[in-house]
Amino acid sequence: MPSNHPEHRTADRLDGIRGTIFSEMSALAVRTGALNLGQGFPDRDGPESVVDAAVQAMRSGRNQYAPGVGVPELRRAVAGHQARHYGLDLDPDRQVVITTGATEGIAAALLALVNPGDEVLVMEPYYDSYTAMIQMAGGVRRPVTLRAPDFRLDLDELRAAVSDRTRVLLLNSPHNPTGTVLDRGELDAVAAVAREHDLVVVTDEVYEHLVFDGNEHVPFATLPGMFDRTVSISSSGKTFSFTGWKVGWVTGPTSLVRAVMAAKQWLTFTSGAPLQPAIAHALEEESAYYEALAKELEVKRDYLCDGLRELDMDVYVPQSTYFVTSDVARYGFKDGLEFCLALPEMAGVVAIPSQFFYDDSDEGRHKVRWAFCKDHEVLEEGVRRLRAADLHA
Ligand SMILES: Cc1ncc(COP(=O)(O)O)c(C=O)c1O
């Protein structure tokens, strides 16, 4: 029997959804004074001109509710970005909605499209808000595992995961936490599955510009015939290093964007009014920022991967994002969580146990995610501390 104590009165839709591991590990970093190589936020803010544009918007009185779909100049800027980078031709009035970060876009899309009992295909390891929102929408997740060492999409596994109850395929490329960028061959195969089973594809592309080694990010909506069944989600947080602003967007065909808006209007209704014109400015004027950021991150990725490799961990070099995954089984801890809880004391460093992003507990047990979107000195100090420590249980 559930207790009737007020603290225990959460609704069934939250059953089994644990608090996000990112908050837990960031709190651990603050409590112990350890270096936070866990949560994915950069040490440095994005372009000064974007901050100036936000200040200017506040000073000029843009401080009341923005239109629910977002301010016109940001919707136009998002459409312009999709046209310039990907050749997509969007109507900014009907095919773009501004959201409170990608997180709200994901929530609104799942609430709008998933009926109780519907199955949702999701790549695992998964971003934790996906599984929470699938459950809150009453859906059932069907994970398709990206397996180490390459973390590629197993197309047979994908096909086998589809049933007659599958309704939505939730894609994430570039992928957090593995850094996998799905290539055209993989995406074509996903498109064939979506077509055959008439699925709606919700695609989270927040790392679209943080891709390394000349790899190409191909938005799913650009594949032949896919635009009409695809809800694309992105955000300014990672692209412009303003993760705290929470300005994101959803784009797609009019009917699907209307569906997302139908849910979004009852979540936040509208998102940070003065931040929206500033992000419009960023999208239009600051593309050099994210081009440089991707190059910088590539160098930091190499530095952290080399450092971790010297510790004799299996290190899986990512093609994109802020994160590298390693396997810590050799240190003798029961799992990644035990390792990560001991890490502040052993080494003064915090990392994220990836096991919470898996249904397949064997695959996830000893995987640990490290963030490299940090100042070089922070990474240097992190690697120095790890090297000096005894990391064994
Ligand atoms: C894959 C993925 N999607 C969405 C988000 C959240 O984006 P936002 O901060 O814009 O809500 C993140 C942030 O870490 C992420 O990694």
Side-chain angles (χ1 to χ4, degrees), residues 20-26 36-43 45-46 50 70 74 78 81 96-111 120 122-134 141 143 146 151 169-182 201-211 217 219-220 231-251 260 264 267-268 271-272 275-276 278-279 282-283 290 293 297 318-325 351-352 354 356-358 369-374:
T20 166
I21 188 70
F22 303 116
S23 309
E24 196 174 323
M25 299 315 282
S26 283
N36 191 351
L37 301 186
Q39 202 172 5
F41 60 86
D43 280 344
D45 291 347
V50 182
L74 180 53
V78 168
H81 170 275
V96 180
V97 168
I98 306 307
T99 55
T100 304
T103 307
E104 191 198 23
I106 294 159
L110 293 171
L111 290 171
V120 179
V122 58
M123 299 157 73
E124 97 170 350
Y126 32 67
Y127 183 56
D128 58 357
S129 88
Y130 301 164
T131 47
M133 284 316 306
I134 291 169
R141 68 173 177 271
L146 307 182
F151 295 120
L169 198 162
L170 180 45
L171 215 55
N172 172 216
S173 177
H175 181 257
N176 171 11
T178 66
T180 292
V181 180
L182 296 180
V201 177
V202 175
T203 171
D204 174 348
E205 303 183 355
V206 296
Y207 296 100
E208 61 190 315
H209 290 299
L210 306 184
V211 173
H217 164 61
F220 191 76
V231 173
S232 302
I233 298 172
S234 194
S235 117
S236 56
K238 314 290 171 172
T239 299
F240 293 109
S241 301
F242 288 117
T243 59
W245 285 21
K246 300 292 282 186
V247 178
W249 45 86
V250 171
T251 57
V260 171
K264 181 243 156 34
L267 294 173
T268 56
S271 311
L275 304 180
Q276 294 191 37
I279 295 299
L283 284 168
Y290 49 78
L293 178 62
L297 284 169
Q319 298 177 303
S320 68
T321 74
Y322 284 173
F323 312 112
V324 50
T325 297
I352 299 283
S354 300
F356 300 108
F357 314 144
Y358 284 87
R369 191 195 84 168
W370 312 79
F372 51 82
C373 51
K374 306 291 173 187

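One is the number of the first residue; the rest follow in order along the sequence. As the structure lists them, so they are numbered: ligands from 1, and atoms in each ligand from 1.
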Does [X] approach ligand 1 within less than 4.0 angstrom via side chain, backbone, both or neither, non-hydrogen atoms only?
X    : answer
T103 : both
K238 : side chain
N172 : side chain
Y322 : neither
A102 : both

Q. Among all protein non-hydrogen atoms, which one is nearest to atom 9 (O) of ligand 1, and what is the separation to 0.1 Å?
A.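 For this ligand atom, the closest protein heavy atom is K246 NZ, 3.2 Å.
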
Ligand 1 atoms in contact with [X] (distance to a heavy atom under 4.0 Å):
X    : result
Y130 : 1 (C)
D204 : 1 (C), 2 (C), 3 (N), 4 (C)
N176 : 1 (C), 15 (C), 16 (O)

Do [X] side-chain atoms and [Y] backbone N/O form a donor-acceptor pair below 3.5 Å?
X    : Y    : value
S235 : G248 : no
K374 : F41  : yes
H175 : L182 : no
S26  : S23  : no
D128 : A132 : no

**Q.** Note, H217 side chain near P174 side chain (heavy atom, < 4.5 Å)
**A.**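 Yes, their side chains come closer than 4.5 Å.
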
Q.
Are T325 and F357 packed together at the side-chain level, in the sense that at least one heavy-atom pair is separated by less than 4.5 angstrom?
A.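 Side-chain contact under 4.5 Å: no.
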
**Q.** Nitrogen or oxygen atoms of T100 and ligand 1 under 3.5 Å apart
**A.**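 The answer is no, given that T100 and ligand 1 share no N or O pair closer than 3.5 Å.
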
Q) Does the N or O separation between G101 and ligand 1 drop below 3.5 Å for any pair? A)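 No; the residue has no nitrogen or oxygen that sits under 3.5 Å from a nitrogen or oxygen of the ligand.
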
Q) Of all the heavy atoms in G237, does at least one lie under 4.0 Å from an atom in ligand 1? A)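 It does not; every heavy atom stays at 4.0 Å or beyond.
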
Q) Should F22 be listed as contacting ligand 1, given a heavy-atom distance under 4.0 Å as the test? A)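 Judged by the 4.0 Å heavy-atom criterion, F22 does not count as contacting ligand 1.
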
Q.
With rounding to the nearest 0.5 angstrom, report the CD to CD1 distance, Q276 to I98.
A.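 So the gap between those two atoms works out to 6.0 Å.
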
Q) Would the Y290 and F242 ring centres measure less than 6.0 Å apart? A)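 They do not qualify: ring centres at least 6.0 Å apart.
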
